[in-house]
Protein chains: 2
Amino acid sequence: MKGAHVAEQTTGARPTLEAVAALAGVSRATASRVVNGGAGVRAPLVDRVRQAVEELGYVPNLAARTLVTRRNDAVAVVIAEPEFRIFSDPFFQEQVRGISRELTAHDSQLVLLWVEDQGDHDRIARYLGGGHVDGALAFSLHDEDELAAVLRRAKIPTVLGGRPTDGIGPDMPYVDCDNRGGAREAVRLLVDRGCRTVAHLAGPRDQTSAADRADGWRDALGAPDPDLLCQGDFTAESGARAMAELLERRPDVDGVFAANDLMASGALRVLRERGLRVPEDVAVVGFDDVASIAEHTDPPLTTVRQDIEGMGRLMVRLLMRLLNEHGSGAPAPDPLITPTTLVRRASA
Amino acid sequence: MKGAHVAEQTTGARPTLEAVAALAGVSRATASRVVNGGAGVRAPLVDRVRQAVEELGYVPNLAARTLVTRRNDAVAVVIAEPEFRIFSDPFFQEQVRGISRELTAHDSQLVLLWVEDQGDHDRIARYLGGGHVDGALAFSLHDEDELAAVLRRAKIPTVLGGRPTDGIGPDMPYVDCDNRGGAREAVRLLVDRGCRTVAHLAGPRDQTSAADRADGWRDALGAPDPDLLCQGDFTAESGARAMAELLERRPDVDGVFAANDLMASGALRVLRERGLRVPEDVAVVGFDDVASIAEHTDPPLTTVRQDIEGMGRLMVRLLMRLLNEHGSGAPAPDPLITPTTLVRRASA
DNA sequence: ACGGCTCCCGAGAGCGCTCTCAGGCCGTCC
DNA sequence: GGACGGCCTGAGAGCGCTCTCGGGAGCCGT
């Protein structure tokens, strides 16, 4: 109580390690040791320092610490504005959750940076390059993406979520799921259950995940009629539109592989409206296995599951490895590709 | 080119101000002056330093700068997990956009901190208290909210979005819109257009914005029959449910003030299903004027507009004022209440 | 009892930057 | 021509922390 009172006298100025050391009657070095775990300090001293910390309400000055350790214990998650919508995407939320959990396990802080427009890139670059964070995580970079350049220029260890487009270059490590393999499996299921005309409701052309899934569809089918691919953009509405278009073009379709669950749910709606039975008349498979969608469609959706939270965690682990190797001239690590599993429900 | 080459020789280690100064043939102090705007340095020297900066690819070490200036030029936006859903809320997105824009104008960086669970509070407290950010912005705090305690303990200048509950204390400045006044106006419109039985579809009890709007409804009506208030939770479904319940209890209702646009849209749907005409049989007013909703309901929604982005900007401005006054013993500033305006469309 | 060892602790040197302060230079005014 | 003032610049003192290094104390073995 009396101690706390003294502390409040020196109002404003936050107590320094020096003050803690003085109060505990030890050197600054010892106080520092205690604050950082207390290894190699005798118990009675540890206690005295701990008490002094408590009494003064000491909190280490991170800037000072960073200055000497060159660590920040903070990682930036960079989001570009056009993709801010991904916030509303359960997929992304789950991934960020994984990132956050893993970061906590590594005693690191998540710093979310939001790039709003072009002018922001300088600011972001300054921030990233200025040494406020140890590394960065970014999502699905595109060739024309200024962000890629910023990241590269900042020379900051970076891990990407989702395979970048080819123009980004091979030195950017990334984590992705086996989109192509998962898609192959999905289509094979459709074929195995007897579908003769398997179409694909494709995701946006400029996203590699969508492209890879389309490739998987082609893989499994040999050289499918291009008419069987209808373009969408990962939204439910686009799935509905693509399904309607498909029915127009190819009324004989009896199997549909949608690029994600949202599109599949849109397709399901259209099928229902047209009085087509799922899976009897048309079997449908999605991708992602987002619980809030796949389990509640009518009928429940057969889909390709990817471990989204796990991918978030992997991104962090990969980054941590990068951080440890940083400067050691180690080669850029290989991308991490997580496996997918087919989840059978009622739609196929 | 040759310079850049030299720079790359000293690989790994980032160039320091010292190196820039040496290359430019000036003192570190002068180099620092140039980097920070160049005031009071003769043009030829400025040029030489600028060139050296360019050549070496110098980026100031923010930790070192922060250590001496005690500024971070960064502000934390703290989001508690239970409210992570607000990401998907267009209301929140718009507010964050306002915050981001205003922060950029103040040359500050937005750092988004996400509190996931109880264990995170320590980490957040360390981060906030550790001096990585100059101030914090948080949203609609509740009495039982651990976050409030963390913020207070960190002794970090904080501005709240939305009036906190009374238990939080009066010393936390906040920005909010005139919920009560806006609600009064909405109800008055209903009364003026001849509604005799004006009900309220209320938002969640534990949010002050919802409580204030309900109070505004009471204000305008004197002492309305408590039966006329149906509880919801700001979601469209809850609005539909409340509307259905209301119709059950009071079939004579001819005016409805919904706590927000989403609830109003749910109510509109129920009204339509029951074959009741809007506004002829029942007039409806919402709150928020979220464009993506209010303009697209059937009929388009009459609602109370609040300047959401503006509120975000105001939060930042208020925080900046706090930052400037910090330590000067100035009294906690008054909350900022922004006015609302009634937007008349077709539903009332 | 003494050399050597281990174990703790304190002194002190920075990390990279900003900012005060004093001094040098020049122009101006008497 | 000398004194004064203004404008630039450089030297140097930290900001608060970590970490190396050396010394002192205690312990062991012989």
Side-chain angles (χ1 to χ4, degrees), chain A residues 10 12-50 52-53 56-74 107 126-127 129-132 134 327, chain B residues 10 12-50 52-53 56-74 107 126-127 129-132 134 327:
Chain A
T10 55
R14 275 180 15 196
T16 73
L17 194 53
E18 190 79 53
V20 172
L23 182 59
V26 299
S27 74
R28 198 176 59 239
T30 298
S32 172
R33 278 188 270 260
V34 172
V35 169
N36 290 288
V41 179
R42 272 176 315 166
L45 283 198
V46 170
D47 288 348
R48 257 161 56 202
V49 173
R50 291 253 160 84
V53 165
L56 296 176
Y58 170 76
V59 181
N61 180 316
L62 263 30
R65 177 180 286 172
T66 294
L67 184 55
V68 26
T69 62
R70 275 124 206 301
R71 274 183 300 102
N72 290 94
D73 295 325
D107 255 317
R126 277 209 314 274
Y127 191 85
H132 262 173
D134 301 323
Chain B
T10 57
R14 275 182 11 198
T16 71
L17 195 53
E18 190 79 53
V20 172
L23 183 58
V26 299
S27 73
R28 200 175 57 239
T30 298
S32 173
R33 279 187 270 259
V34 172
V35 169
N36 291 286
V41 180
R42 273 176 316 164
L45 283 197
V46 170
D47 288 347
R48 256 158 59 200
V49 173
R50 290 255 160 84
V53 165
L56 295 175
Y58 169 77
V59 182
N61 180 316
L62 264 28
R65 175 180 289 173
T66 293
L67 185 55
V68 25
T69 61
R70 279 129 202 302
R71 273 183 301 101
N72 290 92
D73 295 326
D107 255 315
R126 278 208 314 274
Y127 191 84
H132 262 170
D134 301 324

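In what follows, chains carry the letters A, B, and so on, assigned in the order in which the sequence lines appear, proteins first and then strands, with residues in each chain numbered from 1.
- With contacts defined as side-chain heavy-atom distances shorter than 4.5 Å, the pair A/Thr16/A/Asn61 does not qualify.
- Taking CG from A/Asp47 and CZ from A/Arg50, the interatomic distance works out to 7.5 Å, rounded to the nearest 0.5 Å.
- One finds no side-chain N or O of A/Arg42 lying less than 4.0 angstrom from the OP1 or OP2 phosphate oxygen of C/dC7.
- The CG atom of B/Leu17 sits 9 Å away from the C1' atom of C/dT18 (whole-angstrom rounding).
- For DNA chain C, the residues of residues 59-71 of chain A within the heavy-atom distance limit of 4.0 Å (strictly under) are A/Leu67, A/Val68, A/Arg70, sorted by number.
- Remark: the backbone N or O of B/Glu18 is not paired with any side-chain donor or acceptor of B/Arg28 at under 3.5 angstrom.
- Between B/Leu67 and A/Ala64, the closest heavy-atom pair is CD1-CB, 3.5 Å.
- Looking only at distances, a side-chain donor or acceptor of B/Asp134 sits under 3.5 Å from a matching main-chain atom of B/Asn72.
- Side-chain contact between B/Arg65 and B/Val35 is present, with at least one heavy-atom pair separated by less than 4.5 Å.
- Straight-line distance from the CG atom of B/Leu45 to the C1' atom of D/dC8: 9 Å, rounded to whole Å.
- Proximity of B/Val34 to B/Val41: side-chain heavy atoms (C-beta onward) are separated by under 4.5 Å at one or more points.
- Interface residues of residues 18-34 of chain A facing DNA chain C, ordered by number: A/Val26, A/Ser27, A/Arg28, A/Ala29, A/Thr30, A/Arg33; criterion, heavy-atom separation under 4.0 Å.
- What you find for B/Ala31 and B/Ala21 is that their closest heavy atoms are CB-CB, 4.0 Å.
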